[in-house]
Amino acid sequence: MSEARSRLLNTATELFYAEGIHSVGIDRVIAAAQVTRATLYRHFPGKDDLVVAYLTQADEAIRTRVNAARTQDASPDDIVRTVGRSIADDIQRPGFRGCAFLNAVAEYPDPTHPVHQAVLRHRQWFLATITELLSDTGETDPEPAARHFVMLRDGAMAAGCLTDPKPICETFLLGIDGLLKYRNRSRQQPDF
C-alpha cells in the first residue's frame with residue numbers, strides 16, 4: 001500500500017467513524033490527508049470505493065483478532081471468551097461510537113449498494129466464525145447460539161456508546177458465559 005493510499009484510508013477511517021460517512025465529504029478527506037484530488041481518485045475511483053476500503057480494513061482487523069484468539073493454547077470455551085473480551089475492550093476504548101458496520105449500514109440501507117454488501121459480507125463471516133467457535137466447544141446446535149452471541153454483541157455495541165460502557169460490557173460477557181454454561185442444556189435433561 002502506498003504511503004498516500006494509507007494516509008487517505010487512515011484519514012477517512014478516523015473521519016467516517018467519528019462523524020459519520022455521509023457527513024464527511026471527499027474535500028474534507030483530501031484536506032485532512034494532505035493529498036490532491038487526483039491522488040485520491042488514483043487510489044479510490046469514488047467515495048463508495050473509499051468507504052468499502054474503510055470497512056474492509058475494519059473487517060481485516062477483526063479477523064486478525066479472532067485468528068489471534070484461535071491460535072492461543074486455550075480451551076474452546078476460553079477462545080470464545082477471548083473474542084468476547086476483545087469486543088468489550090473495543091467498546092470501552094476512548095472515542096467509541098458503536099459498531100462501524102452497523103453505523104455504515106444505517107447510512108446505506110439499500111441492500112444492493114456496495115457499502116451495504118460489504119457490511120453483509122463481514123456479518124456473514126462473523127456469524128459463521130462464531131458458529132464454528134461454538135461448535136468447537138461441544139455445542140450441538142451452534143448456529144442459534146451464534147446468532148444469540150451476535151445479538152448480544154450488537155446490543156452491547158449500540159448501548160456501549162450511549163452510557164457508561166463498563167456495565168454494558170460486564171453484561172455482554174456474562175451473556176457469553178451463559179451461552180457457554182447452558183449450551184445443550186435442554187438436550188441434556190433426562191426424559192421422565
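You'll find the side chain of Gln72 stays beyond 4.5 Å of the side chain of Asp78, heavy atoms only. In this structure, the side chains of Val83 and Phe149 come closer than 4.5 Å at one or more pairs of heavy atoms. You'll find the side chain of Asp136 stays beyond 4.5 Å of the side chain of Ile79, heavy atoms only. Put simply, the side chain of Pro165 does not reach to within 4.5 Å of the side chain of Arg93, judged on heavy atoms. Between Trp125 and Ile62 the shortest side-chain heavy-atom distance falls below 4.5 Å. With contacts defined as side-chain heavy-atom distances shorter than 4.5 Å, the pair Arg123/Leu102 qualifies. When side chains are defined from C-beta on, Arg5 counts as touching Phe44, because their heavy atoms get closer than 4.5 Å. Counting heavy atoms from C-beta outward, Leu50 and Tyr54 have side chains that stay 4.5 Å or more apart.
Grouping the Ile, Leu, Val, Met, Phe, Trp and Tyr side chains by contacts below 4.5 angstrom, directly or via other members, places Tyr182 apart from Met151. The hydrophobic clustering, which links ILVMFWY residues whose side-chain heavy atoms are closer than 4.5 Å, places Tyr41 and Phe16 together. There is no path of hydrophobic side-chain contacts, each under 4.5 Å, that joins Val115 to Leu120.
A distance of 5.0 Å separates CD1 of Ile91 from CZ of Phe96, quoted to the nearest 0.5 Å. Rounding to the nearest 0.5 Å places CE of Met157 at 12.5 Å from CG of Leu152. A distance of 5.5 Å separates CG in Asp77 from OG1 in Thr137, rounded to the nearest 0.5 Å.
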Going through the distances and angles, do Thr36 and Ile30 end up as a side-chain contact (heavy atoms from CB on, under 4.5 Å)? CA-CA 6 Å; Thr36 65; Ile30 290 168; 5.9 Å; no
Start with the C-alpha distance between Arg153 and Cys99, add both sets of side-chain angles, then the distance that settles side-chain contact (heavy atoms from CB on, under 4.5 Å), and finish with yes or no. CA-CA 9 Å; Arg153 176 213 168 269; Cys99 172; 3.1 Å; yes
Output, in order, the C-alpha distance, side-chain angles, deciding distance and verdict of side-chain contact (heavy atoms from CB on, under 4.5 Å) for Arg121 and Asp59. CA-CA 9 Å; Arg121 280 191 301 277; Asp59 173 74; over 6 Å; no
Let's go through Arg147 and Glu143 carefully: what are the C-alpha distance in whole Å and the side-chain angles of both, what is the deciding distance for side-chain contact (heavy atoms from CB on, under 4.5 Å) to 0.1 Å, and is it a yes or a no? CA-CA 6 Å; Arg147 287 193 310 264; Glu143 190 172 339; 3.4 Å; yes
Under the salt bridge (charged side-chain N to carboxylate O under 4.0 Å, His left out) rule, what do Arg65 and Asp90 come out as? Steps first, then yes or no, please. CA-CA 11 Å; Arg65 285 196 305 262; Asp90 278 350; 2.7 Å; yes
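Within the 3.5 Å criterion, the main-chain N or O of Glu60 finds a donor-acceptor partner in the side chain of Thr64. Between the side chain of Ser86 and the backbone N or O of Thr82 there is no donor-acceptor pair closer than 3.5 Å. At least one donor-acceptor pair under 3.5 Å links the side chain of Tyr17 to the backbone N or O of Gly98. Looking only at distances, no side-chain donor or acceptor of Lys166 sits under 3.5 Å from a matching main-chain atom of Gln92. Looking only at distances, a side-chain donor or acceptor of Asn67 sits under 3.5 Å from a matching main-chain atom of Arg63. Proximity of a side-chain donor or acceptor of Thr13 to a complementary backbone N or O of Leu9 within less than 3.5 Å is detected. Judged by distance alone, the side chain of Asn10 and the main-chain N or O of Ser6 form a donor-acceptor pair under 3.5 Å.
Closest non-hydrogen pair, Arg28 versus Glu19, comes out as NH1-OE1, 2.6 Å. A pairwise comparison of heavy atoms in Glu107 and Ile21 identifies OE2-N, 2.9 Å as the closest pair. Nearest approach of Ile168 to Asp164, heavy atoms of both residues: CG1-O, 3.5 Å. When all heavy atoms of Ala33 and Arg7 are compared, the pair lying nearest together is O-NE, 2.5 Å. When all heavy atoms of His43 and Ser2 are compared, the closest pair comes out as CE1-OG, 3.1 Å. Summarising the geometry of Gly84 relative to Ile176, their closest heavy-atom pair is CA-CD1, 3.6 Å, with the distance given to 0.1 Å.
A side-chain N or O of Thr112 and one of Asp110 form a donor-acceptor pair less than 3.5 Å apart.
Relative ring orientation between His122 and Phe126 is described as parallel, the plane-to-plane angle staying below 30° on a 0-90° scale split at 30° and 60°.
For Tyr108 and His116, the distance between ring centers is not under 6.0 angstrom.
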